Amino acid sequence: MNRLDKAHEEDFERHVVGARSALRRNAFVLVGDWFDADDLVQQTLIAVYRSWAGLDHQHALSAYTRTVMVRLFIDERRKHRWTRELLRDSLPEPEPAPEELTRIGDRLVLLKALSTLTPRQRGLVYLRYWEDLGIEEVAQIMDCSSATVRSSTSRTLRILRERLGELEARRHER
């Protein structure tokens with residue numbers, strides 16, 4: 001990895017200090033696990049560091065970082081899909097009891113439903129509804145057409161609603 005000059009190095013360090021917490025929270029929304037979120041943030045920061053000298057630090061930095069994070073997430077999940085599913089399926093998380101289900105419990109149910117989506121579907125939900133980006137911006141980040149974003153988002157929301165309904169039904173069976 002090429003080293004930056006001292007001024008760029010200090011600028012990058014300031015950026016990391018200011019952005020790391022938000023990046024970690026956003027990565028958690030994508031991956032659903034704090035340890036994996038930390039790994040994704042680290043990979044993202046390495047990629048940003050490599051491009052740091054050529055970036056527009058005033059306007060495009062957060063958009064570039066978000067794009068890098070989402071693309072790394074999708075690429076990494078695509079490459080290691082089977083390994084991760086096997087490891088996660090071996091240790092299931094117990095669902096909270098109905099009487100304990102609070103706002104935090106609702107978030108856990110939502111995260112569980114999100115974890116059943118493909119990486120690309122999860123990236124769409126993250127970009128459209130967590131980051132509140134427009135269809136054109138999402139299309140650019142996901143490297144696809146606006147029509148694909150619209151149709152994929154619609155299909156993903158339908159799937160997510162079905163899975164949330166299934167989780168809700170299981171919760172009420174207890």
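We count residues from 1, following the sequence as given. The structure presented is a predicted model; accordingly, all values stated were derived computationally and were not measured.
Looking only at side-chain heavy atoms (C-beta outward), Ile159 and Gln121 come within less than 4.5 Å of each other. Contact annotation: the side chain of Asp39 never approaches that of Glu76 to less than 4.5 Å [non-hydrogen atoms, C-beta and beyond]. Residues Arg50 and Ile46 meet the side-chain proximity criterion, which asks for heavy atoms closer than 4.5 Å. Using a 4.5 Å cut-off on side-chain heavy atoms (C-beta onward), Ser145 and Thr148 make contact.
Listed by chain and number, the residues in a salt bridge (charged side-chain N to carboxylate O under 4.0 Å, His left out) with Arg66 are Glu131 (sequence neighbours excluded).
The minimum heavy-atom distance linking Arg71 with Ile141 is given by the pair NE-O, 2.7 Å. In terms of heavy-atom proximity, Ser152 sits nearest to Leu124 at CB-CD1, 3.3 Å. Pro119 approaches Ile74 most closely through the heavy-atom pair O-CG1, 3.8 Å. In terms of heavy atoms, Ala37 sits closest to Val31 at N-CG2, 3.4 Å.
Side-chain contact of Tyr49 with Glu9: a donor-acceptor pair under 3.5 Å is present, judged by distance alone.
In this structure, the side chain of Arg163 does not engage the main chain of Leu110 through any donor-acceptor pair within 3.5 Å.
Note that CD of Glu166 and CZ of Arg161 are 14.0 Å apart. Values are rounded to the nearest 0.5 Å. The CG atom of Leu160 lies 11.5 Å from the CZ atom of Arg158; values are rounded to the nearest 0.5 Å.
The side-chain contact (heavy atoms from CB on, under 4.5 Å) test with Leu127 is passed by exactly one of Thr153, Ile135, Val138: Val138.
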Margin query: Between Thr156 and Arg120, does the side-chain contact (heavy atoms from CB on, under 4.5 Å) criterion hold? Intermediate values first, please.
Written below: CA-CA 10 Å; Thr156 298; Arg120 192 160 180 87; over 6 Å; no
Next item on the list: Decide yes or no on side-chain contact (heavy atoms from CB on, under 4.5 Å) for Phe28 and Leu40, but give the supporting numbers first.
Entry: CA-CA 9 Å; Phe28 179 79; Leu40 181 57; over 6 Å; no
Next item on the list: Determine, stepwise, if the pair Phe12 / Val48 fulfils side-chain contact (heavy atoms from CB on, under 4.5 Å).
Entry: CA-CA 9 Å; Phe12 179 77; Val48 170; 4.1 Å; yes
Next item on the list: Could you walk me through whether Leu30 and Trp130 pass the side-chain contact (heavy atoms from CB on, under 4.5 Å) test, one step at a time?
Entry: CA-CA 10 Å; Leu30 283 170; Trp130 183 265; over 6 Å; no
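Using the six-membered ring where Trp is involved, Trp52 and His15 have ring planes that are tilted, between 30° and 60° apart.
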